[in-house]
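Structure, as structure tokens:
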Protein chains: 2
Amino acid sequence: MKPMTIGKLAKATGVSAETIRYYERFGFLPSPDRLESGYRVYGSDSIQRVRFIKEAQALGFTLAEVSDLIGLTADEHADCAQVNEKATQKLQEINKKIKALKKMQGALKILSQRCPADEQPLSECSIVNHLYDVREVAI
Amino acid sequence: MKPMTIGKLAKATGVSAETIRYYERFGFLPSPDRLESGYRVYGSDSIQRVRFIKEAQALGFTLAEVSDLIGLTADEHADCAQVNEKATQKLQEINKKIKALKKMQGALKILSQRCPADEQPLSECSIVNHLYDVREVAI
DNA sequence: TTACACCTTATAGTATACTTTAAGGTCAAG
DNA sequence: CTTGACCTTAAAGTATACTATAAGGTGTAA
């Protein structure tokens with residue numbers, strides 16, 4: 001069987017070869033074995049490792065946090081509670097972000113509804129007036 | 001009355017002098033007059049201009065988009081509808097972001113609830129198992 | 001006059017997660 | 001044996017919105 005070089009791992013995971021090298025360089029992936037030519041050769045577990053990173057990112061974790069998670073999974077003494085704490089922290093962070101976005105959403109909705117949205121000059125625009133002076137258009 | 005130099009504008013707006021120079025450099029604020037010494041002098045309208053930028057950012061607009069908005073306000077032929085379109089676009093963008101965050105939130109909640117969160121080894125952790133292989137823990 | 005706060009510029013650094021480029025070596029098919 | 005796909009490295013670029021630094025000039029109060 002042909003060795004899995006970086007391009008094959010890239011295809012298998014949907015992550016570019018450059019990104020895989022990047023992950024390796026910053027310790028998110030272990031240094032793989034090399035062929036005599038210097039080509040990286042990966043075992044099938046590498047696919048899982050890359051997937052781990054991608055899934056953690058999809059849950060909102062940064063690469064630094066992914067690094068922490070990888071550290072926990074490699075630690076014999078680590079337990080479920082430690083991982084759960086990371087998840088709970090991330091959850092709170094996400095809740096905060098949602099809250100901030102909802103605030104923007106609410107303000108934009110109100111301003112947009114109040115704006116005549118036609119050929120009126122901008123002096124009649126509730127959005128522009130809000131930007132010029134918050135007090136002119138209470139939200 | 002003493003001229004409003006950059007430090008005073010900074011205090012009046014809560015934005016640092018460096019940031020004000022940055023805004024000027026990239027065209028978000030007009031170049032102010034100068035004293036003989038080279039010091040920038042601002043009129044009171046500058047406070048409003050800085051506030052415009054900050055308020056637009058608070059609504060989720062990037063500086064590039066703020067630039068567009070400033071352009072519209074300076075355009076005699078611009079009308080309300082054009083501004084409203086920017087707001088509507090931004091609203092949709094924010095809705096998308098909220099949706100993405102809610103997806104993360106939902107997944108994290110489920111994983112966290114399923115995780116025993118005690119001293120169990122990580123092989124029992126629903127979160128870690130999810131990261132290792134999505135199919136093991138359906139969401 | 002001597003501090004000290006304040007101003008000036010250009011340039012570089014920060015954070016995050018890559019992506020691109022340059023210059024070159026390797027492998028497999030035809 | 002040549003062509004083209006694939007691999008290597010180090011270094012620089014991208015996006016966004018600043019923030020910091022260096023080296024120096026200005027304004028004012030004691």
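So you know, we letter chains A, B, ... as the sequences are listed, proteins then strands, and number each from 1.
In this structure, A/Lys8 places its NZ atom 11 Å from C1' of D/dC7, rounding to the nearest Å.
Sorted by first then second residue, the salt bridge (charged side-chain N to carboxylate O under 4.0 Å, His left out) pairs that include residues 17-43 of chain A, not counting sequence neighbours, are A/Glu24-A/Arg34, A/Glu24-A/Arg40. Pairs engaging residues 59-79 of chain A under the salt bridge (charged side-chain N to carboxylate O under 4.0 Å, His left out) rule: A/Glu65-A/Lys90, A/Asp68-A/Lys86 [sequence neighbours left out].
Considering only the side chain of A/Ile6, D/dT8 comes nearest among D/dT8, D/dA17, D/dT26.
Linking ILVMFWY residues whenever their side-chain heavy atoms come closer than 4.5 Å, directly or via other members, places B/Tyr23 and B/Leu72 in the same cluster.
The stretch residues 60-72 of chain A has no heavy atom under 4.0 Å from DNA chain D, so no residue of it qualifies as close. Applying a 4.0 Å cut-off to non-hydrogen atoms, the residues of residues 17-35 of chain B that approach DNA chain C are B/Arg21, B/Arg34, listed by residue number.
Within the nucleic acid shown, B/Lys11 has no heavy atom closer than 4.0 Å to any nucleic acid atom.
Here B/Thr13 pairs with B/Leu9, B/Val15, B/Ile20, B/Ile47, B/Val50 under the side-chain contact (heavy atoms from CB on, under 4.5 Å) rule; sequence neighbours left out. When the side chain to side chain donor-acceptor pair (under 3.5 Å) test is applied to B/Gln89, the partners found at least two apart in sequence or on another chain are B/Glu85. A/Phe28 meets the ring pair (Phe, Tyr, Trp, His ring centres under 6.0 Å) test with no other residue; sequence neighbours excluded. In this structure, B/Tyr42 has no ring pair (Phe, Tyr, Trp, His ring centres under 6.0 Å) partners at least two apart in sequence or on a different chain. A/Lys96 pairs by the side-chain contact (heavy atoms from CB on, under 4.5 Å) definition with nothing, not counting sequence neighbours.
The minimum heavy-atom distance between A/Cys115 and A/Cys125, with the atom names listed, is SG-SG, 3.7 Å.
OP1 or OP2 of D/dG27 sits under 4.0 Å from a side-chain N or O of B/Ser37.
Using a 4.5 Å cut-off on side-chain heavy atoms (C-beta onward), B/Leu131 and A/Leu59 make contact.
Each of A/Thr5 and B/Glu36 was matched to the nucleotide of DNA chain D holding its nearest heavy atom; the match closer to the 5' end belongs to A/Thr5.
The main-chain N or O of A/Cys80 is never found under 3.5 Å from a side-chain atom of A/Asn84 such that the two would form a donor-acceptor pair. Side-chain atoms of B/Ser67 do not come within 3.5 Å of backbone N or O of B/Leu63 as any donor-acceptor pair.
Rounded to 10 degrees, the angle separating the terminal helix axes of the helix from C/dT1-D/dA30 to C/dG30-D/dC1, each built from five base pairs, is 20°.
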Side-chain polar contacts of residues 101-111 of chain A - donor-acceptor pairs under 3.5 angstrom, sequence neighbours left out - could you list them?
from, atom 1, to, atom 2, distance (Å)
A/Gln105, NE2, B/Asn95, OD1, 2.5

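On the nucleic acid side, DNA chain C contacts chain A at distances under 4.0 Å to non-hydrogen atoms, with the end points of that region at C/dA17 to C/dC27.
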